[in-house]
Amino acid sequence: MTLNKGDKLRNMDKRRGSMPFPMNVPNIHRRSMPVDDRDLHATMPQTGQTDDLSNLLRCTSYSPSEQHRGSYASDSSDSVISTGSETESQIYKVVLLGEHGVGKSSLARVFGGVEDAGHDCDEAGNTYDRSMVVDDEDASIVLYDIWEQDNSQWLKDQCMRMGDAYIIVYSVTDKASFEKASELRIQLRRARQSENIPIILVGNKSDLVRSREVSVDEGSACAVVFDCKFIETSASLHHNVQDLFEGIVRQIRLRKDSKEENARRMANCRRRESIGKKAKRFLGRMVARKNKKMAFRQKSKSCHDLTVL
Ligand SMILES: Nc1nc2c(ncn2[C@@H]2O[C@H](COP(=O)(O)OP(=O)(O)OP(=O)(O)O)[C@@H](O)[C@H]2O)c(=O)[nH]1
């Protein structure tokens, strides 16, 4: 029997207190999800459903010192790298949004280090928790793969409110999911009007070249219009998944941390950049200066650069 995420969430009640985390992954820690019940119950409608959902939405921040850090050795060259570092790191809540079947759970499983990302998994709405080093600094992400279009309005509202950052996924093989991604971007803008939250638009399934319905140019044009970042990934091939999650950390830091701190990071980042990349960036700037018509193209290029605002 196939369960939708709503059914799965209800089943989670039986496992209250423990985080739905892949059992078969060594060295990625499982823990009870952090919750500040005051916040949660203040916003929850008094229905039976919310009790089940409360497990899932334990989303308030908690002290970094509560963290257990694990290191994760992956076979994949493109899996997110964890650290055993003891220095304190920030914990960021990242929410996956997108139409059915676009690959949200597959991306989440790659992130979470579950080996078989291509395998259809019937686990309950999952929350993955990983530590990673980005630009020589620790960061922890709690990734919420709980979005479903059929969710209650309350759960949708929670999803829209709880994230420090959002990943809106569409499938490059499904035009309708691309259109849905634009709608979600608009909904998010409405829900978080005054906030400048980081959003990355992700065109997943880039490996399915023959069935592509959305071009890279369409994806980046949409990102420019909606003022967000853009990347294409393949969860199946683990392609660009690490860049995506490192990118989301950078985008959060660019907004949350001081200018000085970000300038220092950027300087370190540039120092490590290859000569080829430096030359390309320099030429890009020269050409853009000479030709104002290039402005749009320049902007659309910068939507691919997840290291800048
Ligand atoms: N070829 C290919 N298939 C993928 C990729 N990502 C996901 N899939 C497949 O697409 C199907 C749907 O993937 P899911 O990860 O379940 O998608 P989802 O967005 O979580 O779907 P819902 O749970 O219904 O919201 C599965 O059969 C995956 O194996 C990808 O990058 N390439």
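One-based numbering, in listed order, for ligands and for the atoms of each.
Under 4.0 Å from ligand 1, the heavy atoms of Glu99 that appear belong solely to its backbone. Counting heavy atoms closer than 4.0 Å to ligand 1, residue Val102 contributes atoms from both its backbone and its side chain. When non-hydrogen atoms are compared, ligand 1 lies under 4.0 Å from neither the backbone nor the side chain of Leu237.
Among the atoms of His100, some N or O lies under 3.5 angstrom from an N or O of ligand 1. For ligand 1, the polar-atom distance check against Ser106 finds a nitrogen or oxygen pair separated by under 3.5 Å. At under 3.5 Å, not a single nitrogen or oxygen of Ser206, backbone or side chain, sits near a nitrogen or oxygen of ligand 1. Inclusion of Ser105 in the set of residues having an N or O under 3.5 Å from an N or O of ligand 1 is warranted.
In the model, Arg189 has no side-chain atom that pairs as donor or acceptor with a side-chain atom of Gln193 under 3.5 Å.
Close approach of ligand 1 to Leu208 (heavy-atom distance below 4.0 Å) involves ligand atoms 1 (N). Atoms of ligand 1 lying under 4.0 Å from any heavy atom of Gly101, numbered from 1 in the order shown and given with element: 10 (O), 12 (C), 17 (O), 18 (P), 19 (O), 21 (O), 22 (P), 24 (O), 25 (O). Close contacts between ligand 1 and Asp207 involve ligand atoms 1 (N), 2 (C), 30 (C), 31 (O), 32 (N) [criterion: under 4.0 Å to a heavy atom].
Formation of a donor-acceptor pair under 3.5 Å by the Asn204 side chain with backbone atoms of Tyr170 is not found in this model.
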Practice task
Please lay out, stage by stage, how Asn240 and Ser234 fare under the test side-chain contact (heavy atoms from CB on, under 4.5 Å).
Solution key: CA-CA 7 Å; Asn240 275 348; Ser234 165; over 6 Å; no
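Under 4.0 Å is where a charged nitrogen must lie from a carboxylate oxygen, and between Arg250 and Glu246 at least one such pair does.
Distance check, rounded to the nearest 0.5 Å: CZ of Phe245 to CG of Leu143 gives 5.0 Å. Taken from CD1 in Ile168 to CZ in Phe178, the straight-line distance is 11.5 Å, to the nearest 0.5 Å.
Take Glu213 and apply the side-chain contact (heavy atoms from CB on, under 4.5 Å) test, not counting sequence neighbours, and it matches Lys175.
Annotation: salt bridge (Lys or Arg N to Asp or Glu O under 4.0 Å) contacts involving residues 197-212, sequence neighbours excluded, comprise Arg212-Glu232.
Taking a 4.0 Å cut-off on heavy atoms, Gly98 fails to register as neighbouring ligand 1.
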